Enquirer: 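A single structure is presented below for examination.
On a predicted model such as this, the values are computed, not experimentally measured, just so you know. Residue numbering restarts at 1 for every chain, and letters A, B, ... go by the order of the sequence lines.
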Number of protein chains: 2
Amino acid sequence: MNVRLMHTNEKIAAVFAATLKLIHTNGFHGTPMSKIAQESEVAIGTIYHYFPSKDDLIFALFKHCRSLLNDYIFDGIKEDFDYKASFFHVWRNFVKFYLENAQIFSFFEQFFSSPYYEKNKAEIQEPVGGQNKVLDFLQEGIDKKILKQVNVHLLVASYIGVALSTVHNIKFKDLQFSEQNLKELMEIIWDGAVNRNKIIN
Amino acid sequence: MNVRLMHTNEKIAAVFAATLKLIHTNGFHGTPMSKIAQESEVAIGTIYHYFPSKDDLIFALFKHCRSLLNDYIFDGIKEDFDYKASFFHVWRNFVKFYLENAQIFSFFEQFFSSPYYEKNKAEIQEPVGGQNKVLDFLQEGIDKKILKQVNVHLLVASYIGVALSTVHNIKFKDLQFSEQNLKELMEIIWDGAVNRNKIIN
DNA sequence: TGCACCCGAATGAACGTTCGATTGATGCAT
DNA sequence: ATGCATCAATCGAACGTTCATTCGGGTGCA
């Protein structure tokens, strides 16, 4: 099994879709291989032909979803965007990706909070939730003296943390989704992250 | 079984401690009742005497931990604290509680990301992660025109989101714990949350 | 012929839960 | 005081189910 195959083989696509759907509705617990086979209409034996174990399936699915996220969030940045516009754009994409892909959000939440993630942490050097590219982007803002002159990880924690918390609150709590709310949230993060010594607006 | 008993009965305390420990190290998956019985040195039959099912045990444990958190975060606020000082104090307590109780943090992360939480959402009217008291506190800041004049849920998302993200980054990533880092993070949130029309420092 | 792909009944381990037995404390009638 | 009944607390072997995984066989293409 290789990455290219994962995108072309429709059986694997069906398995991914079914796993995502089942984990979203029934949780990690409630998604046995038998149900994945049923939902995807792919025989259990076939699933095990591509994935040596259930863990391997989950891990492959994780990498697949992560690349979807990474492709998404930096998409659509125009040449004429200044830093603040990009700062807003990426953050908004981040939130919208999770809102539009509720199954992936749910899967990620469960994946990251499982000791399974902790065990494979070493193998997950790459961005978590697209954070590496985000990290570079925020570091750029620090270098340009646009953002506060602090450890970039602090800004990442704020940037990502508010986004995830926002999605969670929209999904589970009383927070309504609206462009106005997103705009005000972005202002909150921006005002917090921006270098007060150079503030202009 | 009632709440008072839960605090006095040492068998239940042992069961709670064992469950917390096992979930932290092995995850929701890897903590069968048999292991809880083994680790706590309480017979399976006895556990089922107090909790009708595993779900009930988990739910009771959740409520227990939540009350620990609630008791903790608003503790130690002095009379002479102004709003900003309280704002910092509570946030810092929030982060420190989770850092000092890594097992509870891990348990909460798994609990909230499980569909189990979604199913019992109705029954969990009370504060999630102490958010209700936090909500009231932030609403107070809005009413006093100290914080931005926005929907309080936006500020909650920022306040809590950054805290959780910070703990997560300290636990799993490259972020070092230091008072200096906490202080800078609190400044980021404060600068984002504060009413710019009345800014003084 | 070989190899990749595909299938699903069968397997054995692990799980949540049940149940009958035992103990000791409490209350009550004698 | 004594005998009796009740019941919460305790225990862990046993039960039935469900799960991840295996395996032997089937198909069609190179």
Enquirer: Quick one: which of dT17(C), dT21(D), dA20(D) gets closest to the side chain of Tyr48(B)?
Expert: dT17(C)
Enquirer: Compare side-chain N and O positions of His49(B) against OP1 and OP2 of dT10(D) and report whether any pair is under 4.0 Å apart.
Expert: no
Enquirer: Check the distance between dC5(C)'s P and Glu41(A)'s CD and give it to me in whole angstrom.
Expert: 21 Å
Enquirer: Keeping Asn169(A) on the side-chain end and Ser165(A) on the backbone end, is there a donor-acceptor pair under 3.5 Å?
Expert: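 Side chain of Asn169(A) to backbone of Ser165(A), a donor-acceptor pair under 3.5 Å: yes, one is there.
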Enquirer: Given that Gly45(A) and Gly30(A) both sit by DNA chain D, which one's nearest nucleotide is further toward the 5' end?
Expert: Gly30(A)
Enquirer: Separation of Ile44(A) atom CD1 from dG26(D) atom P, in whole Å?
Expert: 20 Å
Enquirer: Is the Phe81(B)-Phe88(B) ring centre distance short of 6.0 angstrom?
Expert: no
Enquirer: Between Phe59(B) and Phe51(B), is the ring centre distance below 6.0 Å?
Expert: no
Enquirer: Distance check needed: dA9(C) C1' versus Met33(A) CE, whole Å only.
Expert: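 Rounded to whole Å, this separation is 16 Å.
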Enquirer: Under 6.0 Å between ring centres: does that hold for Phe108(A) and Phe62(A)?
Expert: yes
Enquirer: Do Lys183(B) and Arg92(B) have side-chain heavy atoms sitting under 4.5 Å apart?
Expert: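 No - every pair of side-chain heavy atoms lies 4.5 Å or more apart.
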Enquirer: As a test of reading the structure: which of dC7(C), dT17(C), dC19(D) is closest to the side chain of Ala43(A), going by heavy atoms?
Expert: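 The answer is dC7(C), which lies nearest to the side chain.
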Enquirer: Specify the separation, in whole Å, of atom CG of Asp56(A) and atom P of dA20(D).
Expert: 14 Å
Enquirer: Can you tell which of dT17(C), dC19(D), dT22(D) lies closest to the side chain of Lys54(B)?
Expert: dT17(C)
Enquirer: Between Lys11(B) (NZ) and dT23(C) (P), how many Å, whole number?
Expert: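 Result: 16 Å.
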Enquirer: Send over the distance from Gln38(A) CD to dG8(C) C1', rounded to a whole Å.
Expert: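 Checked: the CD to C1' distance equals 13 Å.
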Enquirer: Of the nucleotides dT17(C), dC19(D), dT21(D), which has the atom closest to the Ser53(B) side chain?
Expert: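 The answer is dT17(C), which lies nearest to the side chain.
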Enquirer: In whole angstrom, give the distance that lies between atom CD1 of Ile12(B) and atom C1' of dA8(D).
Expert: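 Result: 12 Å.
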Enquirer: Grab the CD1-P distance between Ile58(A) and dT21(D) for me, whole Å please.
Expert: 10 Å
Enquirer: Any side-chain N or O of Thr46(A) below 4.0 angstrom from OP1/OP2 of dC5(C)?
Expert: no
